[in-house]
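Everything below concerns the one structure shown next.
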Amino acid sequence: NTNTRPDGDRTLENEFTDILNIGKIFDVQDKAQAIVDDAKAVIDKTLTATADVKDKPSVMVLEPLGDDITNYGVKSLGGDMVTQLGATLANPDASTVGNPDVIFVVYMPYAGDDPETVKNSQLAVIQDDESLKSLDAVKNGRVYPIMLSEMYASATRTQDGIETFAKGLYPDVNLD
């Protein structure tokens, strides 16, 4: 997968190109194109539905990893998804912390894990941290889970990730 290389930007375009290439390999170009078209349609529909939203949300995509918290910036697939949906990253260079309107918390259950337990545990790292309680996203209850597989080398789950981000970014806008 193009987006798993150690260097370079991780983008939706890379995911779409990979899907189309897999379609060529397996001679299912029409199915691959439909997957890409459907994902792009979600972005277009979201941008159309939110065209009148004056204050687009600022966002952080965080992944608690033990004692550390990884921040997905502009060069990450998750960061690219958020910005393509019209939001801005509160910390695009991934080195600083802003005061985001929305926080997405990354979680990934592995074999034998209870998905709900893993999700709730990751959310609690952000929601229950005293030093983060003053952030607008935490104060206003705008902390949402997103599964790692929806925003990192997501392939056929790319549309799921776009939809998860869109619903969290614009909860008051009918995106259906």
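Every value quoted in this text rests on a predicted model; they were computed, and no experiment measured them.
For T17, the side chain to side chain contact (heavy atoms under 4.5 Å, CB included) partners are N21, not counting sequence neighbours. In terms of the side-chain hydrogen bond (donor to acceptor under 3.5 Å, both in side chains) criterion, N120 has no residue partners (sequence neighbours excluded). Qualifying side-chain hydrogen bond (donor to acceptor under 3.5 Å, both in side chains) partners for E163, counting only residues two or more places apart in sequence or in other chains: Q159. Under the side chain to side chain contact (heavy atoms under 4.5 Å, CB included) criterion, T4 pairs with N1, Y152, A153, not counting sequence neighbours. In terms of the side chain to side chain contact (heavy atoms under 4.5 Å, CB included) criterion, residue partners of T156 (sequence neighbours excluded) are, by chain and number, I35. Under the side chain to side chain contact (heavy atoms under 4.5 Å, CB included) criterion, T117 pairs with D114, not counting sequence neighbours. The salt bridge (charged side-chain N to carboxylate O under 4.0 Å, His left out) check on E116 picks up K119, with sequence neighbours excluded.
Using a 4.5 Å heavy-atom threshold, the side chains of V125 and V105 count as separate.
One hydrophobic cluster holds both V173 and I162 under the rule that ILVMFWY side chains link at heavy-atom gaps under 4.5 Å. With hydrophobic clusters built from ILVMFWY side chains whose heavy atoms lie under 4.5 angstrom apart, L89 shares a cluster with V53.
Interatomic distance, D27 CG to D30 CG, rounded to the nearest 0.5 Å: 8.5 Å. Note: I103 CD1 to I146 CD1 = 14.0 Å, rounded to the nearest 0.5 Å. With rounding to the nearest 0.5 angstrom, the CG atom of D68 is 12.5 Å from the CG atom of L62. M60 CE to I126 CD1: the interatomic distance, rounded to the nearest 0.5 Å, is 8.0 Å. Rounding to the nearest 0.5 Å gives a distance of 10.0 Å between CD of Q122 and CG of L148. The CD atom of Q33 lies 5.0 Å from the CG atom of L20; values are rounded to the nearest 0.5 Å.
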Could you go through residues 39-51 and list every donor-acceptor pair under 3.5 Å that involves a side-chain atom there, pairing it with any protein atom two or more places apart or in another chain?
| from | atom 1 | to | atom 2 | distance (Å) |
| --- | --- | --- | --- | --- |
| K45 | NZ | L175 | O | 3.1 |
| T46 | OG1 | V42 | O | 2.8 |
| T48 | OG1 | D44 | O | 2.9 |
| T50 | OG1 | T46 | O | 2.7 |

Pair up each side-chain donor or acceptor in residues 132-140 with any protein partner under 3.5 Å, not counting sequence neighbours, and list the distances.
| from | atom 1 | to | atom 2 | distance (Å) |
| --- | --- | --- | --- | --- |
| K133 | NZ | Q127 | O | 3.3 |
| D136 | OD2 | N99 | ND2 | 3.3 |
| N140 | ND2 | D136 | O | 3.1 |

Please report, to 0.1 Å, the donor-acceptor pairs under 3.5 Å made by any side chain of residues 74-84, with sequence neighbours excluded.
| from | atom 1 | to | atom 2 | distance (Å) |
| --- | --- | --- | --- | --- |
| S76 | OG | G73 | O | 2.7 |
| S76 | OG | G79 | N | 2.9 |
| D80 | OD2 | L12 | N | 2.8 |
| D80 | OD2 | Q84 | NE2 | 3.3 |
| T83 | OG1 | G79 | O | 3.2 |
| T83 | OG1 | D80 | O | 3.1 |

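Here the side chain of S58 pairs a donor or acceptor atom with the backbone of D101 at under 3.5 angstrom. Using a distance-only test at 3.5 Å, with no hydrogens or angles considered, a donor-acceptor pair links the side chain of D18 to the main chain of T2. R157 contributes no side-chain N or O that, together with a main-chain N or O of M151, makes up a donor-acceptor pair within less than 3.5 Å. Proximity of a side-chain donor or acceptor of R142 to a complementary backbone N or O of L169 within less than 3.5 Å is detected.
P109 pairs with exactly one of P115, S121, S149 by the side-chain contact (heavy atoms from CB on, under 4.5 Å) rule, that one being P115.
For residues 104-125, the pairs satisfying ring pair (Phe, Tyr, Trp, His ring centres under 6.0 Å) are F104-Y144, F104-F165, with sequence neighbours left out.
Think of F26 as one node in a network of Ile, Leu, Val, Met, Phe, Trp and Tyr side chains linked at under 4.5 Å; its network also takes in I22, I25, V28.
Residues P92 and A90 come closest through the heavy atom pair CD-C, 3.8 Å. Residues T158 and S154 come closest through the heavy atom pair OG1-OG, 2.6 Å.
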